[in-house]
Amino acid sequence: MREHFDFYGYNAPTCGNIYVDDEVYTLGEDYRSVKRYKEYKSIGFNIALLQHDNSYNGEKWATSSAKKVMDICAKVGLKVILEDKRVKDLPKEKILVGEGGRFKTQEELEAYITEMTAVYRDHPAFYAIQLQDEPGYRHLKNYAFVYKTIKKLFPKMELQCNLLNMVLHSEIAPDPNNLQSYEKDYEDYLHYFAKESGIDYLMTDEYAFRGMNILSAYSMPTFQVLANVCRDTGKELRLVLQSFCQEGMVVNPKDPELVEGSCHWRRISGKEMYWQMNLALGLGCKEFSYFTYFTKARRGFRVQRTTTDGIDGGALVNYDGTRTKLWFETQKIIKEFKAFEPVIIKYNYDNSYFFFPEGKKKEDFGPTSWAVLSDVKKLPISVKTDKCPILVTEMKNGNSRMYMVQNVGDPFEEVLYKKRVPEIEIDLGALADKAKFYYKGKQVERKLDGTILKEKLGRGQALFIEVE
């Protein structure tokens, strides 16, 4: 059983370049320094994911960026997940092993992997390799095969396997020409990889705050289906949380000055971070990563879709290395989570339930609560809410139970529409005399009126109720 949560961020401190189409600009500081990685660690991270500028592709190891950063991480006390582009290419092969394949035999593949990883796998900071990110169903067989092969060779080596979410239906479907429901195809996608690979966790990166003032319709179902599959298969749940915003536009290829559409993702604040992290904790998540730490420094304008995944002020750290308000808010939240860790880490997710204002149903709240609904009559507590949908998750540890009660209304409403923090009623029934309450990582006292607890919960905030 796990004793501690893990935390890390995509796009760790970089070499300080900005890439615009084919041009490279430097900001004048190499952020791959002990100072910057101490700063990275001080937000609460214990792992560094080395990608892009810090990845490895078989170049001379002694002078590589990957070795430079791994040496720094060893000094700072960080474990490292390394992006080796040669490893990431393996699952993409149409035929990996056998006649017509890249490797004639399994032994040949194993020798290649052994030789390829030799220069870094014994490094004191080395922890894991990142496999291909977000593989479609067509890549899952090879993806699982590469995972099993590496684990056979190096059982203690970890591998980061980040799967797709529910957004791209044709990519997660076993048969793109015969689509089932989103939920069923996603379940099949997850079950197939879990069975084929033998992996002990499942992970995805669904981002709720894609629109300016709405939530993604795919987020809650993705999280629930993933949590349910983890429960049913005995896998650990890991999630990537949104800590970036992007902008983009689609241009007409025949007339580059004609803009056909655009997208703008919301800038994340502490309210959105609480929304994500409370939800992840309530679903039994044990490893939390964030996209992104540094603002992504790539822009493209010479293609049909011009986008950037990085807007200053939207990530934890800006292009120039300045920390944003979100950096300090996230540091505070991680500290709260770590304080709660000894209590919550023992519990595993069992189910999730939604409560809506009287006379309302999930469709009345749009994407905020498009979800997989469970029968609330099976839950020993109940919730009355006048304004926002309330999510209750149930977690188990032997005979003990933990209930997360979260206001999953959109945090943007409190900012845009000046909506007040609503008060809800939680009826604890027979559990009232046994309940202990936790809020923002601390055990708190609450006064009940009989079995009724009245609690003010802002959008994204959650109360955890333990019954031993």
Side-chain angles (χ1 to χ4, degrees), residues 165-166 182-183 206-228 239 241-242 266 268-285 349-395 402-429 439-440 452-465:
N165 52 51
M166 204 184 287
Y182 273 95
E183 289 86 354
E206 164 55 24
Y207 305 126
F209 306 104
R210 297 172 184 269
M212 291 300 290
N213 57 357
I214 60 171
L215 299 181
S216 168
Y218 302 100
S219 294
M220 200 62 73
T222 291
F223 296 144
Q224 286 181 283
V225 170
L226 183 64
N228 289 342
L239 290 174
L241 307 181
Q242 183 180 351
R266 184 190 312 186
I268 306 302
S269 73
K271 291 180 182 292
E272 281 86 4
M273 192 57 74
Y274 269 119
W275 190 99
Q276 294 180 92
M277 293 184 74
N278 278 321
L279 177 60
L281 202 62
L283 293 174
C285 185
Y349 168 84
D350 189 58
N351 212 339
S352 54
Y353 309 85
F354 274 83
F355 292 86
F356 303 100
E358 187 174 354
K360 301 285 186 180
K361 50 191 177 185
K362 67 176 184 176
E363 290 79 9
D364 295 319
F365 294 93
T368 298
S369 54
W370 289 356
V372 181
L373 299 185
S374 300
D375 183 2
V376 296
K377 293 180 182 178
K378 296 181 180 180
L379 194 64
I381 66 175
S382 62
V383 178
K384 285 185 178 180
T385 172
D386 291 332
K387 294 180 174 62
C388 298
I390 301 297
L391 169 67
V392 177
T393 69
E394 183 175 25
M395 293 169 277
M402 179 75 75
Y403 299 95
M404 181 198 73
V405 181
Q406 184 181 13
N407 180 343
V408 289
D410 191 341
F412 206 47
E413 293 177 355
E414 291 182 355
V415 177
L416 186 65
Y417 305 118
K418 306 297 182 185
K419 293 289 184 72
R420 294 182 178 178
V421 174
E423 185 176 72
I424 63 173
E425 289 188 8
I426 306 169
D427 189 344
L428 296 171
Y439 182 73
K440 292 188 175 182
I452 303 296
L453 169 64
K454 293 184 178 181
E455 182 78 9
K456 287 189 174 182
L457 282 180
R459 288 153 179 81
Q461 293 294 353
L463 183 71
F464 290 81
I465 304 170

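By convention here, the first residue in the shown sequence is residue 1.
For E206, the side-chain hydrogen bond (donor to acceptor under 3.5 Å, both in side chains) test picks out N165, R210, S216, S219, with sequence neighbours left out. In this structure D350 satisfies the side-chain contact (heavy atoms from CB on, under 4.5 Å) test together with R231, E394, K396, sequence neighbours excluded. Listed by chain and number, the residues in a side-chain contact (heavy atoms from CB on, under 4.5 Å) with P422 are K387, C388, N407, R459 (sequence neighbours excluded). Shown here are the side-chain contact (heavy atoms from CB on, under 4.5 Å) partners of K384, two or more places apart in sequence or in another chain: E425. Judged as a salt bridge (Lys or Arg N to Asp or Glu O under 4.0 Å), and not counting sequence neighbours, K440 has no contacts. For Y349, there are no ring-ring contact (aromatic ring centres under 6.0 Å, His included) partners two or more places apart in sequence or in a different chain. R266 pairs by the salt bridge (Lys or Arg N to Asp or Glu O under 4.0 Å) definition with E272, D410, not counting sequence neighbours. For Y403, there are no ring-ring contact (aromatic ring centres under 6.0 Å, His included) partners, not counting sequence neighbours. Evaluation of the side-chain contact (heavy atoms from CB on, under 4.5 Å) rule for E183 yields M166, S181, P221, V225, V372 as partners, not counting sequence neighbours. For F355, the ring-ring contact (aromatic ring centres under 6.0 Å, His included) criterion is met by no residue, not counting sequence neighbours. The salt bridge (Lys or Arg N to Asp or Glu O under 4.0 Å) search around D427 returns none, not counting sequence neighbours.
Considering every non-hydrogen atom in both P411 and F209, the closest pair reads CD-CE2, 4.1 Å. The nearest pair of heavy atoms linking L281 to M395 is O-SD, 3.7 Å. Residues A371 and M220 come closest through the heavy atom pair CB-CG, 3.8 Å.
No donor-acceptor pair closer than 3.5 Å links the side chain of E423 to the backbone N or O of K454.
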Q: Decide yes or no on side-chain contact (heavy atoms from CB on, under 4.5 Å) for I426 and L463, but give the supporting numbers first.
A: CA-CA 10 Å; I426 306 169; L463 183 71; 4.2 Å; yes

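Residue pairs meeting the side-chain hydrogen bond (donor to acceptor under 3.5 Å, both in side chains) criterion with at least one member in residues 372-383, sequence neighbours excluded, are N351-S374.
A side chain to side chain contact (heavy atoms under 4.5 Å, CB included) with Q406 is found for exactly one of N278, L457, I390, namely N278.
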